[in-house]
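Okay, so here's the structure we're looking at.
Since this is a predicted model, take the numbers as computed values, not measurements.
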Amino acid sequence: MDFVNLHQSINRRERADLRQNSWMIRINKNADFPYSEQLPGQFVDGRMALDWDFEVPDVCWQQWTAGQYELFLEGHLYLADSLTLDAKANLQGISELLRHERPADVANYIAGGLYVLIIYDRLKRELTVLHDEYGAMPVYCWDSYETIYLSSNVFTIHKQAENSISETALCPVATVEFLKYGYLPFSDSVFRDVVRLKPSQSAVVDCEAARVDISRIHLPSYLPPDMRYQTMEEAGFALHKAISEYFARFNSADYFLGLSGGYDSRLLAQAVKDFSPRCLNFGYPDSTETKLAAEVAEFLNAGFTTESFPEDLIACHGASIADKQRIMFTLEYAHVSHLQQRVREAKTDFFLDGFVGDVVLGSGYFYKKGGSVKDLLNYLFLTMNINEPARENTFYQEMLYNDPEAISDAELSGLMTGGIRAEIMKRIRRTLETVRDSAEMHFDIVEAVRHYTRGRNLIAGGPVGIGNYARAACLFVDSRVRAGCMNTKKKLLIGNVLY
């Protein structure tokens, strides 16, 4: 075997270690990569190699050359002044921004979308990785002894470690945290030394020096209560304007709508009524929400399909979950895999769903689950103290640790030692420190911390996986829509009044 074929063989073997529907960047700390030519699904320059493997790359992966820059986009994004969701048009807009802006500052011009944007400067040999403001699209980083790895899938990084002199051992604290909550609300990864980029964070890599810098977290801030929209008219006008601007970017593409019958999905159905979306419902046939969904579809003159998840759902998709899951998340991944299959079969351009809309524009995080009858009545009759000042950190620490949906320490059969509990509490405190920089009122903190933990992981599980086969449009992570919700007084959100 000659030299070229030898390295192509090595290259193929390494590519095979990619998890399906993922990408990976390697920065070699010691020397340039020796590959004499690049294979499809690969970009190599000096010490940097980027590999990707997607089932439907035309949907979820774009490459664009702009002078000295090479751009790679997973998912979709749109600039604030853009009138389209078309990936190439927005990448063209980014290439124009790069004439006068630093790559890391491009994020300031992106208004929304679920995306990872990789910008490589050929002249400086510098790599910049940006992702959505909500932090839902996973980006993991492992700075090992010999190589810096970045990937969209934590298991892709772990696979590399198995073939390396370095190791990524399981972290006992994160492992117990995962068993307790069903996902990782406070830890980055179950593997030691592997970090996940947080909301609004970027990673900049000097490929020649083999040094990675991860930016600080900057969460969007809440306005003081007296500066927010105080009336239904003010809030309704602002949100209607933001939602209208979002949907003005849509065109006559094919839309597949998850129509549960809830507030958020009915709002989406109304917004895309002119595009005659196909509607899919997975509710119980006799439930109120399913009946509402059917009525909405009939009103819109849209195709409507209701079906149940297969009884053997987990068995059907077990292999798929093992191969495609990007994050440690068990709360709904089997049915997400089924949705992925249905979206792929539909061969649609966009999949729309409310996703976290019920808790961005609604009040899902304000009601105290497991609370007293008084708590429930205050919630139902909108008599809660919506301008309650922040409480002591210890209150939020206990609230987060003892989540009503978590397994109790006693049920963990001795796995939750005093040392592991103390370390989880330390990670909760770090989470609270991050969130409290952007929120000062009690319910703002409750809402913000839930978005930061549960919300972004729910999106990373559902829409991100669906986005492998169709662009997953998330109205409620649009920066203007989200800002409108944050800047509305809480009493208009409690009980879904504004909906």
Side-chain angles (χ1 to χ4, degrees), residues 19-22 53-57 59-60 74-76 114 136-138 152-155 178 182-183 254-262 264-266 268-269 272 277-287 289-294 296-297 302-358 405 454-476:
R19 287 282 186 171
Q20 194 173 47
N21 294 317
S22 71
D53 179 15
F54 292 96
E55 292 177 79
V56 192
V59 169
C60 57
E74 182 192 8
H76 78 285
L114 286 177
M137 288 291 279
S152 57
N153 191 313
V154 68
F155 304 105
F178 172 73
Y183 68 112
D254 183 44
Y255 297 96
F256 202 35
L257 174 64
L259 185 59
S260 67
D264 46 7
S265 69
R266 278 146 54 194
L268 288 172
V272 297
R278 290 178 285 166
C279 302
L280 177 66
N281 175 274
F282 280 105
Y284 294 103
D286 296 329
S287 71
E289 282 201 346
T290 298
K291 292 176 181 177
L292 282 171
V296 170
F304 182 73
T305 301
T306 183
E307 58 185 71
S308 301
F309 288 111
E311 291 184 4
D312 58 348
L313 185 64
I314 295 177
C316 287
H317 296 286
S320 172
I321 292 172
D323 192 52
K324 298 176 185 175
Q325 186 166 340
R326 299 191 188 192
I327 64 171
M328 296 291 289
F329 189 82
T330 64
L331 300 189
E332 60 171 16
Y333 218 94
H335 93 254
V336 166
S337 293
H338 188 70
L339 272 176
Q340 288 183 29
Q341 178 180 314
R342 293 290 285 110
V343 170
R344 185 177 187 183
E345 292 169 353
K347 296 181 179 179
T348 185
D349 297 315
F350 283 91
F351 181 80
L352 288 83
D353 204 325
F355 300 123
V356 294
D358 55 338
E405 295 182 350
R454 186 182 177 89
R456 70 185 175 106
N457 281 290
L458 279 168
I459 296 179
V464 169
I466 291 166
N468 294 323
Y469 308 106
R471 292 171 183 86
C474 286
L475 166 66
F476 296 99

Problem set entry | Nearest-0.5 Å distance, CG of residue Leu280 to CG of residue Leu339 | 6.5 Å
Seminar exercise, completed: Rounded to the nearest 0.5 angstrom, the CD-NZ distance for Glu345 and Lys347 is 10.0 Å
Problem set entry | Taking every non-hydrogen atom, the tightest pair across Ala136 and Val464 | O-CG2, 4.1 Å
Seminar exercise, completed: Residue set satisfying side chain to side chain contact (heavy atoms under 4.5 Å, CB included) with Ser22, at least two apart, ordered chain then number -> Leu18, Arg19, Ser152, Asn153, Thr156
Exercise. Among all residues two or more places apart in sequence or in another chain, which pass the side chain to side chain contact (heavy atoms under 4.5 Å, CB included) test with Asn281?
Worked result: Thr290, Ala293, Phe304, Thr306
Exercise. Who pairs with Val296 by side chain to side chain contact (heavy atoms under 4.5 Å, CB included), at least two apart in sequence or on another chain?
Worked result: Leu259, Arg266, Ala269, Leu300
Exercise. Would you say the side chains of Asn468 and Glu55 form a donor-acceptor pair under 3.5 Å?
Worked result: no
Exercise. Where do Arg454 and Glu405 land on the side chain to side chain contact (heavy atoms under 4.5 Å, CB included) test, with the steps shown first?
Worked result: CA-CA 11 Å; Arg454 186 182 177 89; Glu405 295 182 350; 2.8 Å; yes
Problem set entry | Straight-line distance of Cys60 SG to Asn21 CG, nearest 0.5 Å | 6.0 Å
Problem set entry | Heavy-atom closest pair, residues Leu114 and Pro463 | CD1-CB, 3.6 Å
Seminar exercise, completed: In this structure, OH of Tyr469 is separated from CZ of Arg342 (nearest 0.5 Å) by 14.5 Å
Exercise. Residues two or more places apart in sequence or in another chain: which of them pass side-chain hydrogen bond (donor to acceptor under 3.5 Å, both in side chains) with Asp349?
Worked result: none
Exercise. Got a donor-acceptor contact below 3.5 angstrom from the Arg278 side chain to the Asp254 backbone?
Worked result: no
Problem set entry | Partner residues of Val154 under the side chain to side chain contact (heavy atoms under 4.5 Å, CB included) criterion, sequence neighbours left out | Tyr140, Ser189, Phe191, Val194
Seminar exercise, completed: Checking Leu352, Leu257, Thr348 against Pro277 for side chain to side chain contact (heavy atoms under 4.5 Å, CB included), the one that qualifies is Leu257
Exercise. Just how far is it from atom CD1 of Ile466 to atom OG of Ser337, taken to the nearest 0.5 Å?
Worked result: 9.5 Å
Problem set entry | Residues which pass ring-ring contact (aromatic ring centres under 6.0 Å, His included) with Phe54, listed by chain and number, not counting sequence neighbours | Trp61
For this session: Give the minimum heavy-atom separation between Gly354 and Phe476, together with the two atoms involved.
Result: O-CD1, 3.6 Å
Exercise. If you round to the nearest 0.5 Å, how far is OG1 of Thr305 from CZ of Phe256?
Worked result: 6.5 Å
Exercise. Is it true that a side-chain atom of Ser265 and a backbone atom of Ser260 form a donor plus acceptor pair closer than 3.5 Å?
Worked result: yes
